[in-house]
Amino acid sequence: MKAWDAIVIGGGHNGLVNACYLQRAGLDVLVLEKNDWVGGAATSRELTPGFLYSNCSYVCSLFRPEIMRDLELPRFGLQVISYEGGAVFTRDGDYLANYRDHDAHRREFARFSKRDAEAYDRYSRDVTRQCRFIQPLLMRTAPDPTSFKPRDLGELLYLGKKFVGLSAEEMALTLRFWTMSISDFLDEYFETDVIKANFALSGIIGTALGPMSPGTAYVLLHHYMGEVDGSVGAWGYARGGMGAVTKALAASFKASGGTIRTGAEVDHVLIKKGKAKGVVLAGGEEIYGKLVVSNADVKRTFLKLVEEKELPEIFLRRVRNFKIRGSSGKVNIALDSLPEFPALPKDSPVYRADMHFTDSIERMERAYDDWKAGRWSADPFLDMMIPTTLDPTMAPPGKHFMSCFVQYAPPKIDGRDWTDADRDGFAESVISQIAQYSPGFRDRIVHMEVRTPREIEAEVGLTEGNIFQGELTFDQLLFNRPVPGYAQYRSPIGGLYMCGSSTHPGGGVMGAPGRNAAAEILRDLAKPTLHMSPAHDVI
Amino acid sequence: MTSSELNWDAIVIGGGHNGLVAAAMLAKSGRRVLLLEAGNEVGGAARTEEFAPGFRVSAVAHLLNRLHPDVVKTLELERHGLTIERGNFVPSVALSKNGPLTLHGAYGEVLTGASSAEQSAWKQLRAQLLRYAGVLKPFLSRRAPDLGNMSLAEMTGLGQTALALKRLGKEDMRDFLRVLLMNVYDLLDEQLSDDRLKGLLAFDATLGSHLGPRSPTSLLGLYYRLAGEIGGLAGAQVQPKGGMGAVVAAIRAAAEKAGVSIRHASPVARVIVEKGRAVGVVTQSGETLRAKTVVSAINPATTILDLVGPREVDTGFVRKVRNIRMKGDAAKLHLALDRPPQFPGVDAAGHKGRLVIAPSPDHVERAFNPSKYGAFSPEPVMEITLPSLVDASLAPCGACVLSAVVQYAPYALKEGWTAGKPLFLKAIMAQLEIYAPGIGATVRHAELLTPADIEARYRMPGHWHHGELQADQMLMSRPVSGWSGYDTPLEGLFLAGAGSHPGGGISGAPGLNAARRIIAMRA
């Protein structure tokens with residue numbers, strides 16, 4: 001019976017990145033995907049004729065350029081079209097636009113407040129400096145601070161040096177930044193509600209926290225990282241939707257000799273004498289592998305795919321305590337014509353940008369209060385865009401695809417499961433918000449796909465519908481991610497590795513977890529990693 | 001030479017407990033010290049005051065749980081009248097409609113009113129919390145590490161902390177690092193199941209800060225509490241006989257014994273700055289007093305922005321000072337009652353303790369929500385003491401004093417506190433009525449101090465800790481980053497109040513550490 005060199009469970013972007021790097025190192029790799037298509041949460045599917053949806057993730061912002069280059073994704077068809085910044089509509093009929101050009105952006109701020117326009121320079125400088133410390137950590141394995149192995153000590157030293165390289169002032173700012181709320185942070189710079197709301201949204205996307213929660217300033221950085229790179233591929237639409245990213249990854253993988261099996265759901269990992277020997281599919285088929293890498297989140301991997309008796313008690317306890325509460329949903333809409341927003345001039349570049357309707361931090365925070373109380377937000381925060389304004393391939397001529405990321409949506413409603421009626425109520429909160437700013441919007445809707453955390457978990461397999469495979473709070477970052485003692489992509493079971501967003505550095509279509517996990521695996525196999533670019537320091 | 005030109009070694013601004021501690025320490029080191037107090041009495045928010053004829057109460061702080069042992073020892077407070085005995089420790093009672101749950105001894109050495117499973121879970125959690133708080137405890141009595149420019153002593157201090165961490169053992173250290181910045185809500189959920197116990201802990205973690213139990217970093221509030229000790233035991237609490245004013249009286253006696261000159265009713269108008277150096281103060285009455293060192297034990301923002309003036313320091317520093325968050329959320333309630341109230345199910349010892357209304361962590365979180373938007377909690381949470389049951393002299397015969405710290409009462413109430421105060425009092429009384437039925441009918445006089453009142457009466461702008469006590473305003477970021485070591489950009493000017501590391505509470509630690517710094521610098 002054939003034994004693969006490596007079996008990757010789950011064909012999401014991190015699983016594919018991991019598989020690509022392993023295959024290119026000379027391993028014979030098999031990727032198993034439960035759905036009939038690959039991509040995980042980075043897929044494009046045609047659910048109604050002629051319209052291609054970016055079903056879950058919707059923007060290419062964080063994907064590491066080093067990985068794109070290593071795996072030659074452009075050669076395998078990935079094209080990223082950068083888009084204009086964005087806009088926040090205000091309730092008085094105006095809007096605040098975000099332009100990619102710093103000076104244009106500053107002028108737009110001045111329209112609302114001269115003081116804020118001046119503060120913007122200071123703000124950009126401070127945030128960029130913060131990225132200088134955090135950005136290089138993305139593509140490195142987090143050290144174990146309790147270990148005295150030379151490698152962990154070396155890595156700690158690296159962190160220390162990086163940290164000491166900052167001035168005392170920056171150090172203090174870094175420490176504050178990690179523990180501040182985005183709201184308090186912005187209060188130190190800006191006075192205008194809509195300007196603060198405009199920045200705050202990056203602090204809450206995908207997070208079960210409100211803008212007033214300490215720690216959200218860090219989440220802002222997590223999202224900012226793609227932007228500061230300034231490289232091609234940062235902040236753009238993938239032509240053909242987000243599925244194009246995983247399609248290119250799959251093509252790159254296959255071109256180097258890798259094998260993908262779709263419709264192959266793994267039931268459990270085959271473990272003998274504490275070592276992973278392969279997997280058993282839902283139908284009972286056994287597949288053998290010298291090592292197994294799980295792209296599934298840490299809860300799914302160790303509470304569903306591995307038997308309890310195989311794991312140490314303390315590890316299980318920590319996995320059970322891992323926080324992975326879903327906080328967002330998605331509404332994808334097929335439109336028979338481009339919606340109009342009377343606040344915008346005709347042909348405004350904002351049509352080709354992301355749009356928001358939450359014009360104050362207070363509204364954002366109140367939306368979070370609903371989540372805490374176990375219900376979807378009555379006045380949700382939307383990150384809405386119409387990718388077809390830049391990529392007409394996603395809809396029939398003249399028609400459009402609209403993607404609405406929606407926050408907040410709890411994993412359970414008042415402690416019970418979501419029902420179809422709940423889902424419809426959730427969708428209505430989204431539609432009615434858009435309709436307030438776009439008369440006639442409802443009449444343009446041809447088809448809709450509504451995804452609450454229930455649908456996201458059922459289809460993509462993300463526990464509780466958490467898009468980051470685990471919350472991005474400090475107790476779950478760096479050496480604490482996913483659980484203390486196992487932040488190096490290994491697990492208590494020999495030959496079983498993790499490569500999903502549950503691991504450092506976390507979620508977003510970034511690819512770093514998949515790549516870093518491959519580096520650790522190859523280290524264990526004593527194989528060279530010359531085909532992996534090191535993280536580049538860009539700032 | 002007239003008296004006004006008389007030169008002092010040090011002038012201390014503000015006669016709160018930290019000012020008194022700093023002054024006493026400096027005087028003991030041989031310095032000639034003048035302490036200037038704006039009010040007619042020293043003690044600041046730690047006074048005992050009469051709020052209704054014959055009824056006296058601790059003004060703001062009403063429980064002693066963290067007076068630093070170095071302060072007690074160095075100033076020989078026991079010789080000056082402070083007595084703390086193990087027998088004085090009072091319990092914490094979590095009130096509930098389903099009957100109370102009580103933490104006895106030092107923060108629940110014994111837990112009663114809970115299931116046996118909960119008792120053993122609590123035993124474990126309590127031990128863990130005390131262990132972790134113990135790692136952080138040494139930070140209380142020294143300067144926060146100056147990351148950019150560490151002295152050998154500071155390096156050694158950090159090294160000791162690393163060693164303490166290592167002593168925890170590998171798994172415990174991992175847990176320590178995981179939970180350090182976590183929220184209290186999730187941690188309680190992981191380990192406990194009784195809502196009353198969880199509610200009490202959630203309340204303690206967030207007391208005095210603009211955080212709810214679900215806010216990340218809220219667990220630090222609990223660590224801060226448990227890093228404090230009294231009578232040698234972490235987490236213990238006493239109701240001082242004579243109220244908090246008796247504690248202040250002991251510190252004052254120590255200060256006077258050491259030779260500190262204390263002047264009442266002498267508010268300072270400004271700090272005199274000459275060539276970038278603080279050289280004295282001018283009082284509001286126009287008197288000029290010169291000194292080698294000026295120590296301010298009042299709010300850091302007031303000190304820098306009002307007494308020094310933004311012109312004397314660089315804009316970056318001024319900006320940081322302006323950005324210190326101080327949106328106090330705690331109000332203080334004093335009731336003069338005809339007779340002691342009865343909290344059903346609570347025994348006599350419990351009535352002498354701390355009675356907490358915080359029935360569940362969700363309840364505390366819901367109480368927090370409105371404060372984010374400038375509204376008070378419609379169902380506030382609170383800790384109640386009945387000081388006259390411990391010291392009968394505080395109330396007329398047969399009558400009773402109730403003292404409560406109540407949350408959440410945002411400093412900047414949208415409707416303004418003039419309009420809001422009677423409504424908030426009504427909401428508080430409604431909660432009290434639930435847990436002590438009939439109490440409303442026995443109220444002879446009620447005094448509610450909102451954060452605005454506390455500011456006006458005790459000169460504590462915005463916040464009783466002189467600045468929000470949250471992770472980003474702690475340690476090397478307190479009062480502002482770069483200046484956490486009690487010194488300021490102005491030579492000769494030092495900060496010694498609760499706005500400095502380690503922060504608020506009747507600990508005396510900021511005053512103690514500031515004085516030690518000044519002595520070490522030979523300033």
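Naming: A, B, ... by sequence-line order, numbering from 1 per chain.
Other residues, nucleotides and ligands contribute only 12 or fewer heavy atoms inside 6.0 Å of the CD atom of Q124(B). Around atom NZ of K170(B), more than 12 heavy atoms belonging to other residues, nucleotides or ligands sit under 6.0 Å away.
Taking CD from Q473(B) and CZ from R176(A), the interatomic distance works out to 6.5 Å, rounded to the nearest 0.5 Å. Note that the CG atom of D186(B) and the CG atom of D475(A) stand 7.5 Å from one another [nearest 0.5 Å]. For the atom pair T146(A) OG1 and E171(B) CD, the distance stands at 7.5 Å (nearest 0.5 Å). Rounded to the nearest 0.5 angstrom, T179(A) OG1 and Q470(B) CD are separated by 8.5 Å. Remark: N323(B) CG to Y189(A) OH distance equals 8.5 Å, nearest 0.5 Å. Note that the OG atom of S181(A) and the CG atom of D472(B) stand 7.5 Å from one another [nearest 0.5 Å].
Side-chain contact check for L177(B) versus P145(A): some heavy-atom pair is nearer than 4.5 Å. At a threshold of 4.5 Å between non-hydrogen side-chain atoms, the residues S215(B) and S213(A) do not count as touching. Proximity of R178(B) to N321(A): side-chain heavy atoms (C-beta onward) are separated by under 4.5 Å at one or more points. In this structure, M182(B) and T473(A) have side chains that are not in contact, with every pair of non-hydrogen atoms separated by 4.5 Å or more.
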Start with the C-alpha distance between N480(A) and R174(B), add both sets of side-chain angles, then the distance that settles side chain to side chain contact (heavy atoms under 4.5 Å, CB included), and finish with yes or no. CA-CA 8 Å; N480(A) 287 328; R174(B) 283 177 173 157; over 6 Å; no

Apply the test side chain to side chain contact (heavy atoms under 4.5 Å, CB included) to residues N183(B) and K323(A): give CA-CA distance (whole Å), side-chain angles for both, the deciding distance (0.1 Å), then the verdict. CA-CA 12 Å; N183(B) 73 35; K323(A) 311 286 179 287; over 6 Å; no

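Of the atoms belonging to R481(A), not a single heavy atom falls under 4.5 Å from chain B. At a 4.5 Å heavy-atom cutoff, the contact between F479(A) and chain B is made by side-chain atoms alone. Contact annotation for L211(B): only side-chain heavy atoms (C-beta onward) come within less than 4.5 Å of a heavy atom of chain A. Residue contact with chain B, scored on non-hydrogen atoms closer than 4.5 Å, involves the side chain of L209(A) exclusively. Proximity to chain A is limited to the side chain of R319(B), based on heavy atoms less than 4.5 angstrom apart.
Of all residues in residues 364-374 of chain A, those placing a non-hydrogen atom less than 4.5 angstrom from a non-hydrogen atom of chain B are E365(A), R366(A), D369(A), W371(A), K372(A).
By number of non-hydrogen pairs under 4.5 angstrom with chain A, the leading residue of V179(B), T217(B), D362(B), D175(B) is D175(B). Highest contact tally toward chain B, considering only R318(A), M212(A), M180(A), is held by R318(A) [criterion: heavy-atom pairs under 4.5 Å].
Taking a cutoff of 4.0 Å between a charged side-chain nitrogen and a carboxylate oxygen, R214(B) and E471(A) do not qualify as a salt bridge.
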